[in-house]
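To start, the structure itself, in structure tokens.
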Amino acid sequence: MNATVAQLTARSLLGGRRVILLITLPGVLVLLAIIARGLAGQDNDVAVGVLSGFALATLVPLLGLIAGTGAIGPEIDDGSIIYLLSKPLSRFSIATTKVVVAVAVISVFAAVPTLLAGLILTGASNLAVAFALGALVAGAAYGALFVLLAVMTRHAVVIGLLYALIWETLVGSYVPGARALSIRQWALAVTEKALGRRAGDLNVESAVSLGVGIAFLLIVIVGCTWFAGSRLRSLRLTSDE
Amino acid sequence: MSTLLLDNVSRWFGNVVAVNDVTMTIGPGVTGLLGPNGAGKSTLINMMGGFLAPSSGTVTLDGEGTWRNEQIYRKIGLVPDREAMYDVVTGWQFVLANAKLHRLPDPEAAARRALETVHMTEAKDRDISTYSKGMKQRVKMATALVHDPPVLLLDEPFNGMDPRQRLQLMDVLQAMGDEGRTVLFSSHILEEVEQIAGSIQVMVAGRHAASGGFREIRQLMTERPHQYTIRSDNDRALAAAIIAEPSASGVELETAHDPESAVVRRSASIGRRDGSGALHVQATDFASFVHLLPQLASRHNIRLYEVIPADESLESVFAYLVAR
């Protein structure tokens with residue numbers, strides 16, 4: 001971790017127009033929660049639908065994509081990352097810092113709004129906390145994954161979007177084996193555990209067990225961060241000539 | 001005092017060779033890396049700065065490899081050619097951040113000193129996005145100087161600067177060189193390099209074409225055969241007079257009835273006086289030829305309309321150096 005890198009990253013992440021997206025998306029979730037609560041009253045099935053179907057399945061991956069790629073992608077694109085790389089800093093510490101800042105942003109703009117939406121939908125219940133927890137761990141994994149993607153390719157946003165939409169949503173729902181390889185399912189395992197015995201009643205069921213889910217989440221978070229650092233060591237900046 | 005050493009360095013991208021078997025030593029003082037665009041200057045600087053691995057050969061700074069060695073940046077200050085910085089911060093914040101990234105014991109003092117060196121103390125509290133190109137260049141310079149490095153690498157630092165900023169930067173570089181730092185900058189303009197560089201390395205088409213002091217390089221460039229295109233009111237008589245002189249080795253008379261000639265077509269745009277042809281002269285001794293030509297003309301009562309050095313472009317000068 002490096003405080004100066006974190007500061008610069010946070011400023012450029014929250015400084016531009018990106019912040020409008022970062023506010024709009026969770027705004028939609030909260031608005032949706034208010035409308036659902038107003039129309040359906042306190043209904044746990046509706047709450048699970050919104051929290052699982054929108055917050056966990058759409059909001060968190062999209063926020064992860066925006067914050068994860070945004071934490072490092074623009075710097076690589078315009079070449080300004082050279083100011084970080086031309087310093088006696090460990091590349092792994094740069095990568096770790098980028099991931100931490102991305103995850104912090106995802107937590108604030110995805111996990112916290114998920115908690116808020118849960119509270120609006122169900123009042124004070126552990127349903128809100130359980131989904132916020134799921135959003136938190138999923139956000140951490142997406143953050144690390146998309147930071148890595150941004151280091152590896154200039155088309156990180158497109159590839160990330162395809163991944164989030166096609167793999168996580170489509171393949172994840174129709175191909176049973178693929179469901180086990182999905183950040184959303186691993187995070188759902190955490191939510192399921194947090195809900196305890198109510199999970200069955202609420203139809204919250206992950207494709208993987210808690211142990212497997214946490215193990216995969218850790219592998220993705222640590223592995224992607226490490227690999228991003230390793231790629232930064234041999235990042236090619238220009239091919240102008 | 002630090003020395004950069006390139007030993008049989010090549011770099012290729014796919015099957016394009018960007019740098020071809022270059023060996024050079026860059027020591028204290030100001031060194032100019034001269035060459036036309038696409039000669040491999042940036043590739044070379046990227047390898048020196050540790051941002052690109054040589055495909056073969058080694059790049060070392062005081063015996064340490066620069067590739068994948070982030071500790072090397074304690075010694076290197078790098079001014080990249082690309083303009084992008086962290087636009088949302090002020091010049092002061094950005095230079096200060098660079099000082100902190102270097103983990104300097106007193107980052108504020110270091111940032112202040114660096115900004116003073118490049119004369120940017122007045123505008124330091126404005127956002128970088130509001131800076132002119134020259135100001136950005138100076139802030140980039142300040143970030144490279146902030147840790148007081150013995151080696152300074154600058155990629156096309158004079159690009160887009162107005163003459164005053166250019167002179168200022170030249171003064172800064174000169175001072176750095178005089179302090180015993182190893183300063184290397186790239187440029188495609190001979191005059192720029194000549195003014196401040198104690199030694200010059202010439203790159204052409206990925207190859208190390210020449211090296212030496214500016215006098216030697218200048219000499220190499222002026223001693224080569226020079227081509228002139230001359231137009232006068234009596235080309236034939238002038239041709240006879242010129243070829244009689246030892247400073248010219250060849251004269252070609254081009255008559256007006258030679259419409260295929262590229263020179264004739266080119267001269268049409270320059271504005272020919274009387275529809276006549278031109279003379280192409282190959283001068284072996286450039287200095288005495290330019291001295292002699294007006295004398296010859298006046299002695300033979302010939303009026304000179306146009307004297308055009310045919311190949312003064314840097315490209316052809318470089319091409320000559322390579323072919324040599």
Side-chain angles (χ1 to χ4, degrees), chain A residues 1-20 22 70-98 101 105 151 154 226-241, chain B residues 11 13-14 16 18-19 35 37-46 49-53 67-89 93-103 107 127-129 140 143-144 146-147 149 153 155-156 206:
Chain A
M1 271 296 282
N2 182 296
T4 313
V5 176
Q7 219 177 331
L8 282 173
T9 306
R11 286 197 78 147
S12 40
L13 200 51
L14 302 175
R17 268 170 300 175
R18 204 175 288 107
V19 76
I20 300 171
L22 288 176
I72 197 162
E75 281 166 78
I76 295 177
D77 276 347
D78 69 16
S80 56
I81 196 161
I82 199 161
Y83 293 98
L84 300 186
L85 295 181
S86 62
K87 301 293 181 294
L89 297 175
S90 149
R91 278 36 180 158
F92 296 104
S93 118
I94 295 176
T96 308
T97 307
K98 294 287 185 188
V101 173
V105 168
V151 172
R154 307 223 160 164
W226 181 86
F227 199 45
S230 146
R231 290 292 299 224
L232 279 182
R233 293 190 70 202
S234 47
L235 188 70
R236 195 197 291 175
L237 287 171
T238 48
S239 46
D240 297 351
E241 270 202 279
Chain B
R11 171 74 212 198
F13 299 99
V16 177
V19 169
N37 290 328
K41 303 189 298 290
S42 287
T43 308
L44 213 54
I45 289 187
N46 274 325
F51 287 105
L52 197 62
W67 174 238
R68 283 194 169 167
N69 179 5
E70 54 254 16
Q71 294 308 317
I72 215 78
Y73 300 114
R74 294 185 191 284
K75 287 189 185 174
I76 294 182
L78 194 83
V79 181
D81 61 335
R82 294 176 77 174
E83 208 174 271
M85 280 181 272
Y86 292 78
D87 280 0
V88 290
V89 298
Q93 288 167 333
F94 187 56
V95 177
L96 182 63
N98 275 272
K100 286 180 175 167
L101 288 171
H102 273 293
R103 300 209 180 88
D127 272 4
I128 289 178
S129 52
K140 277 157 66 174
T143 67
V146 78
H147 59 304
L153 300 176
D155 199 351
E156 295 281 354

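Just so we're on the same page: letters track the sequence lines, and every chain starts at 1. Values reported hereafter were calculated over all heavy atoms of this structure, with side chains retained and with hydrogens, waters and symmetry mates removed.
- Judged as a side-chain hydrogen bond (donor to acceptor under 3.5 Å, both in side chains), and not counting sequence neighbours, S86(A) has no contacts.
- The shortest side-chain heavy-atom distance between L89(A) and E70(B) does not fall under the 4.5 Å cut-off.
- The distance from the CG atom of L84(A) to the OH atom of Y86(B) is 3.5 Å, given to the nearest 0.5 Å.
- Rounded to the nearest 0.5 Å, atoms OG1 (T143(B)) and CD1 (I82(A)) are 9.5 Å apart.
- Taking every heavy atom of both residues into account, S80(A) and A84(B) meet most closely at CB-O, 3.6 Å.
- The two residues R91(A) and Y73(B) come nearest to each other via the heavy atoms NH2-CE1, 3.5 Å.
- Each of A53(B), A97(B), G49(B) has some count of heavy-atom pairs under 4.5 Å with chain A, and the biggest count is that of A97(B).
- With a 4.5 Å cut-off on non-hydrogen atoms, L78(B) touches chain A through its side chain but not through its backbone.
- Scanning all heavy atoms of the two residues, the minimum distance from T4(A) to K100(B) falls at OG1-CB, 3.4 Å.
- When heavy atoms are compared at a cutoff of 4.5 Å, L85(A) approaches chain B by way of both its backbone and its side chain.
- Atoms CD1 and NZ, from I76(B) and K87(A) in turn, are 11.5 Å apart once rounded to the nearest 0.5 Å.
- The two residues P88(A) and R103(B) have their closest heavy-atom pair at O-NH1, 3.9 Å.
- Heavy-atom proximity under 4.5 angstrom to chain B picks out E75(A), D77(A) from residues 70-77 of chain A.
- Once rounded to the nearest 0.5 Å, the distance linking CG of L8(A) with CD of Q93(B) reads 9.5 Å.
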